[in-house]
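Read through the structure below, which is laid out as structure tokens, and then see the notes.
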Protein chains: 2
Amino acid sequence: MSLTGDHRTEPARPAERGTGAEPVAPPVRRGRRGGGRSDRPAATIGRVAEAAGVSRATVSRVMNGSPTVAPELAARVRAAAEALQYEPSLVARSLALGRTSTVSLIVPDLANPMFQDVLRGLSNAAATHGHRLLVAESNENVAEEAILAVEARRRSDGLVLASPRVPEAELRALSERLAPLVLLNRDLPGSTVPSLSVDYSAGIAAIVAHLRSLGHRRLLYLAGPAASTSNRDRRAALHAACATEPVCTLAELACGATFEDGHAAARTVRDTDATAVVAFNDMVAFGALSGLHELGVVVPRDVSVTGFDDIPFARYTTPPLTTASIPRNELGRQAWDRLWTLMNGGSAGHNVAFQPRLLVRESTGPVPADGPDPAERS
Amino acid sequence: MSLTGDHRTEPARPAERGTGAEPVAPPVRRGRRGGGRSDRPAATIGRVAEAAGVSRATVSRVMNGSPTVAPELAARVRAAAEALQYEPSLVARSLALGRTSTVSLIVPDLANPMFQDVLRGLSNAAATHGHRLLVAESNENVAEEAILAVEARRRSDGLVLASPRVPEAELRALSERLAPLVLLNRDLPGSTVPSLSVDYSAGIAAIVAHLRSLGHRRLLYLAGPAASTSNRDRRAALHAACATEPVCTLAELACGATFEDGHAAARTVRDTDATAVVAFNDMVAFGALSGLHELGVVVPRDVSVTGFDDIPFARYTTPPLTTASIPRNELGRQAWDRLWTLMNGGSAGHNVAFQPRLLVRESTGPVPADGPDPAERS
DNA sequence: TTGAAAGCGCTAACAG
DNA sequence: CTGTTAGCGCTTTCAA
């Protein structure tokens with residue numbers, strides 16, 4: 001062994017290895033991408049360990065608040081971390097830990113107040129347990145939805161699917177890969193996937209019962225979008241409710257989901273013999289209210305109008321809207337509870353269906369005594 | 001150097017390493033947590049490689065659509081992946097790649113329509129580029145906000161801070177660690193952080209100009225929450241606008257941000273000598289409209305009312321509300337553009353301030369000819 | 001075209 | 001109480 005040769009390299013080696021740091025010849029370092037404008041190397045646990053003169057394990061322990069570290073060491077580590085502006089990589093941490101502390105939510109439409117509130121409820125509840133929320137919007141696109149769900153799930157520890165549009169068979173197939181999974185406004189009969197829903201039927205039934213108690217026998221449904229499942233639910237419930245009442249007549253008008261849709265329906269509403277209008281949702285009801293007003297039809301004297309959802313404005317329309325309120329935030333909150341249980345190895349528990357609460361305001365009243373009713377029936 | 005010492009370790013290694021697969025004695029496997037109910041091992045790239053009889057590198061290539069793989073091999077790999085229900089771990093991928101394909105958004109309040117729309121705009125724009133969105137709500141909590149921001153940023157490749165409440169000094173300090181960062185409705189003079197904002201002053205100025213052109217000289221401001229920066233902005237702009245008009249009188253009433261707040265202010269509005277009311281936002285204006293109506297005050301005959309924001313309902317109030325519209329979605333969309341540019345090493349570009357658009361509807365009209373105006377002034 | 005090997009940054013079981 | 005070591009699952013030179 002040549003003296004000079006060994007001198008330069010050898011003695012150094014053991015020492016360096018001892019630190020558990022830099023190999024002799026730093027191997028090809030892949031360039032860091034991203035990182036924005038500031039191109040400093042970004043502190044790693046290794047660098048902090050080096051600076052503090054301890055092992056990476058110790059740094060890890062300190063960063064995670066392990067009590068089994070000598071105070072002086074801990075202090076040194078913290079100082080080094082501070083100095084280097086060290087921020088543990090959550091990605092690396094997730095990989096090592098096998099969990100991300102993140103859950104995902106897929107919604108069909110972020111513009112829908114229902115989903116906005118679910119999002120909020122879920123986000124807050126998750127935050128309470130130190131978890132973050134990833135959101136994705138499927139834009140009502142079925143194909144997209146499945147893809148998004150799988151991808152979102154892979155980035156997180158659990159998934160909430162709000163009003164998924166995918167066909168049952170596909171959902172069933174997906175449900176395994178997506179677990180832990182919670183379904184909102186959709187159930188999967190026979191599966192163990194927890195499902196929280198709003199019982200639209202009950203809401204509609206309550207509305208119909210209310211109208212009937214006021215003497216209404218001829219109803220008109222302002223239907224929502226044909227593709228909407230909640231429209232299907234509400235429509236079916238309406239038909240069911242009327243079917244059980246022999247003397248109840250139900251007409252239907254294809255309408256939509258917006259104020260304009262309801263507004264445009266006003267003329268038809270006026271020309272029909274219905275004494276009460278059941279609108280798909282509050283917006284439609286509101287539009288109808290507005291259109292009827294313009295036509296000189298007085299609500300509820302001439303015709304009663306009901307909405308659904310109890311959006312914040314429902315109480316401020318003229319007249320204030322009789323509608324069914326649904327616990328939107330609560331849905332998100334409870335979704336978290338279920339998900340959290342699942343993530344901790346618990347089991348699904350019983351599914352629940354939230355019962356809408358009927359809010360009787362001033363857009364409904366007794367059936368007009370002198371309406372076209374008798375004339376038409378004779 | 002002891003022989004045995006070297007013996008124990010040296011010979012075994014190379015063989016094991018050679019296969020690149022299973023060590024002789026499978027080492028302690030840490031139990032997989034999470035994973036929901038289904039406790040199958042979860043396919044990894046290694047298992048797929050094994051099943052397909054290729055190396056992990058090849059599997060990786062196939063999964064990423066590299067064209068340099070023999071068709072037959074690729075097919076085998078795909079088959080194996082399919083059979084094992086293999087889903088590449090995005091966490092591992094992120095770690096290896098150094099990027100997460102995720103960006104974060106921090107908002108003070110998810111219930112605020114402004115932020116809901118920003119969220120939507122940002123989410124959609126990000127999705128266009130294959131990125132996901134992480135959301136967090138600070139609940140108007142300044143301390144929380146900074147923590148959330150740092151944490152969210154560490155989980156993603158970039159951050160959008162909407163209307164951050166943190167003090168300037170702290171924001172300035174944070175801005176480096178948070179890069180790539182885009183600010184919404186907040187700027188950081190002298191920094192390179194891109195900032196997109198709504199020019200509330202311009203909106204207020206437009207409203208005042210409109211009112212003045214109708215002859216109004218005595219205005220009443222229904223102020224928003226004291227803590228709200230947008231209230232401060234709007235208020236300041238209002239004072240400034242009135243200051244330049246010597247004959248303009250500005251009164252102010254502490255009000256709030258909700259319908260109820262505006263509603264409660266109606267009586268005071270009636271009893272004041274102001275001919276026009278500038279409300280903090282549309283909700284307050286709407287409440288005032290409603291309250292005034294109940295008091296028999298006719299808008300705009302007796303008094304004009306303006307809102308701010310152009311919420312969806314503004315056009316449906318009675319009378320429809322004159323207000324200033326702001327491009328909420330656009331803010332999110334452009335935030336993405338800036339962020340994306342930054343993430344790709346581009347530079348910030350010029351900050352922009354979106355000018356609200358004045359929407360003149362029917363809640364404003366000429367100053368009452370026979371109002372209390374002359375009487376009061378004499 | 002394919003595989004071996006060296007990471008990415010962090011955690012944790014196991015010795016000392 | 002601290003360090004060593006072996007992963008977590010994927011990507012990417014570099015050689016063959």
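Residue numbering restarts at 1 for every chain, and letters A, B, ... go by the order of the sequence lines.
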Sugar-phosphate, base or nothing in reach of B/Ala57, heavy atoms under 4.0 Å: base

Given D/dG3, C/dT11, D/dT11, the nucleotide with the shortest approach to the side chain of A/Ser55: D/dG3

Side-chain touch A/Glu168/A/Arg186, heavy atoms, less than 4.5 angstrom: yes

Value in whole Å for how far the P atom of C/dT2 lies from CD of B/Glu72: 8 Å

Rounded distance in Å - CG (A/Asn64) to C1' (D/dC1): 16 Å

Distance, rounded to the nearest Å, where B/Arg47 contributes CZ and D/dG9 contributes P: 8 Å

Distance below 4.0 Å between A/Ser60 side-chain N/O and C/dT11 OP1 or OP2: yes

Residue whose closest nucleotide on DNA chain C lies nearer the 5' end, B/Ala92 versus B/Val54: B/Val54

Touch class at under 4.0 angstrom, heavy-atom based, for A/Leu90 against every strand present: nothing

Nucleotide of C/dT2, D/dC8, C/dA12 approaching A/Leu97 most closely (side-chain heavy atoms): C/dA12

Whole-Å distance separating the CD1 atom of A/Ile45 from the P atom of D/dT4: 14 Å

Interatomic distance, B/Arg155 CZ vs C/dC10 C1' [rounded to whole Å]: 14 Å

From C/dG3, D/dT11, C/dG9, nucleotide with atom closest to A/Ser89 side chain: C/dG9

Nearest-angstrom distance from the residue atom CG of B/Leu73 to C1' of C/dG3: 11 Å

C/dG9 phosphate, OP1 or OP2, under 4.0 Å from A/Arg93 side-chain N/O: no

Flag side-chain contact, heavy atom, 4.5 Å: B/Val150 against A/Glu87: yes

Closest nucleotide among C/dG7, D/dT2, C/dG9 to the A/Ala96 side chain: C/dG9

For atom CE of A/Met63 and atom P of C/dC10, their distance in whole Å: 9 Å

Nucleotide nearest B/Thr44 when distance is taken to its side chain, options C/dC10, D/dC10, C/dC8: D/dC10

Whole angstrom value for the distance that separates P of D/dG9 from CG of B/Leu95: 12 Å

Steps toward salt bridge (charged side-chain N to carboxylate O under 4.0 Å, His left out) verdict (B/Glu72, B/Arg76): CA-CA 6 Å; B/Glu72 48 190 20; B/Arg76 231 160 67 208; over 6 Å; no

Donor on one side chain, acceptor on other, A/Ser191 and A/Ser175, under 3.5 Å: no

Presence of A/Arg61 side-chain N/O under 4.0 Å of D/dT2 phosphate oxygens OP1/OP2: no

Interatomic spacing from CG in A/Leu95 to OG in B/Ser89 - rounded to 0.5 Å: 6.0 Å

